[in-house]
There are 2 protein chains.
Amino acid sequence: MDLRLLRAFVTVARLRNFGAAAEELSTSQPALTKQMQVLERKVGSVLFTRGRHGARLTPAGELLLPDALQLLERSEAFDRRAARVAAGDEGSLAIGFGMSGIEIAPRAVALFRSRWPGVSVSLDDMSSTVQCERLLAGSLQIGFVRLPVPAGLEHLRLRRDRLALAVPSALDVPRDVGQWLDGRPLVRLTPSRGPGLTAQIHGLYAELGCHPTVLQESADLQTVLALVAAGAGPAVVPQSAERIAPPELRLVPLPGRAATWWIGAAWATRTPLTERFVKAAAEVARS
Amino acid sequence: MDLRLLRAFVTVARLRNFGAAAEELSTSQPALTKQMQVLERKVGSVLFTRGRHGARLTPAGELLLPDALQLLERSEAFDRRAARVAAGDEGSLAIGFGMSGIEIAPRAVALFRSRWPGVSVSLDDMSSTVQCERLLAGSLQIGFVRLPVPAGLEHLRLRRDRLALAVPSALDVPRDVGQWLDGRPLVRLTPSRGPGLTAQIHGLYAELGCHPTVLQESADLQTVLALVAAGAGPAVVPQSAERIAPPELRLVPLPGRAATWWIGAAWATRTPLTERFVKAAAEVARS
DNA sequence: AGGTTCCATATCGTGGGGTTATGGATCTCC
DNA sequence: GGAGATCCATAACCCCACGATATGGAACCT
């Protein structure tokens, strides 16, 4: 069913006059006449009785008019919805974050939610690598990732992060951390949970010329920190883990060029929603 | 919003493949590509991410898909409704009847209602003259009228009716009714309530050469009969009034060519509904 | 009878939408 | 790694649907 015909139908029904309806529809009267003939053929009933007094609805027309009005109303509702979606007043965002985003992501989401309550935001924890894959696949719109990002993604640098050594507060760490670490049994995050972070750490080991051994590992940063607090040994973690570290831990910044990196927001496609979210993330990062 | 574009949209969304969707829609792949480009321009959002694996919905597409489906569902509902209306399985009929239809109309409506429960039938009491006007104006679909009908109406003869003299059962009416009636005070139906009937009666008076006087009149046939029963005088009424006459009355058929006429069902436009109703009326009339 | 007011019809022109053919990018498979 | 396969986009062309103008025809009104 062609909605243009229905629009013409309801207009003629309202004005009871082909000429006036044609004018309101910004078309010519013969065009309207043809449209109504086509519509009547399509619905299989005569809809109007034409006469000197204009056009009046037949019982069939009277019966179909409410349905036509309802259908048109639905159609306009669709248009309005589409406009809201296009404008970004409504929609959904899937956000990812990993070790690198633990500090910024939740606050950015909170800020964005307060500004755009019509948008439903989901926030999921996953490694930078997985985030980039999903960004490219389209199942994620924004990721908080370790920079740089692979080709095909855009990004905005948000803040620098660095590796730190998590140790019990009481423990004293000597100046030459590299030597101190060499051969020392550490707690670490399961490499598959944070491939980027693990690579970063190995890069630092190479720079510092040390080879710690692994005593224990966990798939969860929180648990890693808890193990350190329980005396299982030190762990190399992002400085930003401070936010979730138990109070009896100290995070000692590690030296070396390989110890620092940028984290940023990354996305595959710009939409009004992604731009607004990135803006919110940038504000949070500045504060 | 063009429903054809939405149909294409949901098909592509379902099959996630332009080529397959084009085939299902019986069109070519380039045509579909253009349609989706047009739709995306209209809604203002990209709806699919195109790639080697075909086409996948973007979040915006995911959001608009349910609305599109609903709109299409409504559209199909409209089509189904229109088909039912066109087939006469659903609709409405306004029926008229007067003095002439008192015997047939209610039974015809009852029979029709039992056969076509989807159709709402309204039955209104009015004179043959008014019925014909409203038939021509379109506010009535079927009338039970005194024949003949004016130009512009079709009709089907149903049964013959005749004038009768309503008198108390005890009263004896002589052979030569004409002479007996001459100058006699009668009860009559208000002429404006039944112009056709009144003309018929005057025609009969002329044929019989009598000039009764009017003692009392009423706008309601039932009341006329009650007055006769109460001894106010005889009345000339249709024979079919027997059905509503009190038992203490007798209806004596009147002689003369002008005393009989046909009653029939009349209509201005044939529709499946009118044909079915007329058929039901004819069956009732035969019984 | 002429004028007016309706809707229907005739005729013509244009553009939207479809078709076929081809391009370009990516994945698959020897 | 190159040939083939797969998918969507683009190009070029064509045609019919749809609209505009002009005219017809019926019914009312002076």
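Predicted model only: the values in this text are computed from it and were never measured. Chain A is the first sequence line, chain B the second, and so forth, proteins listed ahead of strands; every chain is numbered from 1.
- Looking at heavy atoms from C-beta onward, A:L63 lies out of side-chain contact with A:T58 at the 4.5 angstrom threshold.
- Residue B:S28 places no side-chain N or O under 4.0 Å from the OP1 or OP2 atom of C:dG18.
- The shortest distance between the side-chain N/O atoms of A:R4 and the OP1/OP2 oxygens of D:dG19 is below 4.0 Å.
- In A:E154, the CD atom is crowded: over 12 heavy atoms of neighbouring residues, nucleotides or ligands sit closer than 6.0 Å.
- Atom pair A:Q29:CD and D:dC18:P shows a separation of 17 Å (rounding to whole Å applied).
- Between the side chain of B:Q29 and the backbone N or O of B:G19, no donor-acceptor pair lies under 3.5 Å.
- Judged purely by atom type and a 3.5 angstrom limit, B:E40 uses its side chain to pair as donor or acceptor with the backbone of B:L47.
- Contacts between residues 8-24 of chain A and DNA chain C, defined by a heavy-atom separation under 4.0 Å, are made by A:N17, A:F18, A:G19.
- Partner B:D67 forms a salt bridge (Lys or Arg N to Asp or Glu O under 4.0 Å) with one of A:R81, A:R80, A:R74 and no other, that one being A:R81.
- In this structure, B:L32 atom CG and D:dC7 atom C1' are separated by 13 Å, rounded to whole Å.
- Between the side chain of A:S127 and the backbone N or O of A:V130 there is at least one donor-acceptor pair closer than 3.5 Å.
- The interatomic distance linking B:D2 (CG) with D:dC18 (P) rounds to 11 Å, in whole Å.
- The closest side-chain heavy-atom distance from A:V121 to A:I95 is below 4.5 Å.
- Near DNA chain C, defined here as any heavy-atom distance below 4.0 Å, the residues from residues 33-54 of chain B are B:K34, B:Q35, B:R52, listed numerically.
- Taking atom CG of residue B:L25 and atom P of nucleotide D:dC8, one finds them 13 Å apart after rounding to whole Å.
- Side-chain contact of B:R134 with B:S139: a donor-acceptor pair under 3.5 Å is present, judged by distance alone.
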